[in-house]
Amino acid sequence: MPEEDSPSISRPQRRLLRRIFNGRTVPIMADGRPFLKYKDASQYLQSLAPEARDSAYAQMKSEEQ
C-alpha cells in the first residue's frame, strides 16, 4: 500500500511530519530512536499500534523547533 493511501497516518499528520523533517540536520527523538528523514519516521509510525503511534507522533511534534 503506498504511504499516501495508508490510513494509519492522517493527512495533517503527514503534512506536519514533512514540514518538520524538511532539511533537518539534527535528528528528532521518539521512543528512544533518532529520526532524521520523513520516510523513516513515517514507516516507524505506520508500524505501531494506534495508541503507540499517537504517543510517538506527539513526541516528534513536541521536538519540532
Side-chain angles (χ1 to χ4, degrees):
M1 176 177 275
E3 98 183 48
E4 297 302 322
D5 296 334
S6 174
S8 63
I9 300 175
S10 69
R11 183 172 186 217
Q13 289 174 328
R14 286 193 310 266
R15 291 179 69 193
L16 178 68
L17 288 175
R18 285 188 190 276
R19 185 171 56 83
I20 65 177
F21 283 102
N22 184 29
R24 182 160 289 279
T25 57
V26 177
I28 289 179
M29 299 296 290
D31 294 339
R33 304 173 100 182
F35 296 97
L36 189 56
K37 298 179 182 177
Y38 164 80
K39 184 177 180 178
D40 297 334
S42 177
Q43 288 175 346
Y44 176 69
L45 289 172
Q46 290 177 10
S47 72
L48 298 174
E51 296 89 21
R53 182 182 320 119
D54 292 342
S55 174
Y57 175 78
Q59 289 175 26
M60 290 178 189
K61 186 176 177 181
S62 72
E63 288 209 22
E64 172 192 9
Q65 294 179 351

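To the nearest 0.5 Å, atoms CD1 (Ile20) and NZ (Lys61) are separated by 9.5 Å. We find the CZ-CD distance between Arg53 and Glu51 to be 9.0 Å, quoted to the nearest 0.5 Å. Distance check, rounded to the nearest 0.5 Å: CZ of Arg18 to NZ of Lys39 gives 11.0 Å. How far CG of Leu17 is from CG of Asp40: 12.0 Å, rounded to the nearest 0.5 Å. In this structure, the separation between OG1 on Thr25 and CG on Leu36 is 7.5 Å, given to the nearest 0.5 Å. For the atom pair OH of Tyr38 and CZ of Arg24, the computed distance is 15.0 Å after rounding to the nearest 0.5 Å.
Using a 4.5 Å heavy-atom cutoff, the side chains of Leu45 and Met60 are in contact.
Closest approach of Ala30 and Ala56 over heavy atoms only: CB-O, 4.0 Å. Listed here is the closest heavy atom pair of Met29 and Glu63: O-OE2, 3.0 Å. Scanning both residues, Phe21 and Phe35, for their nearest heavy atoms gives CE2-O, 3.2 Å.
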* Taking it one step at a time, do Leu16 and Tyr57 satisfy side-chain contact (heavy atoms from CB on, under 4.5 Å)? -> CA-CA 10 Å; Leu16 178 68; Tyr57 175 78; 3.0 Å; yes
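Here the side chain of Gln46 pairs no donor or acceptor atom with the backbone of Ser8 at under 3.5 angstrom.
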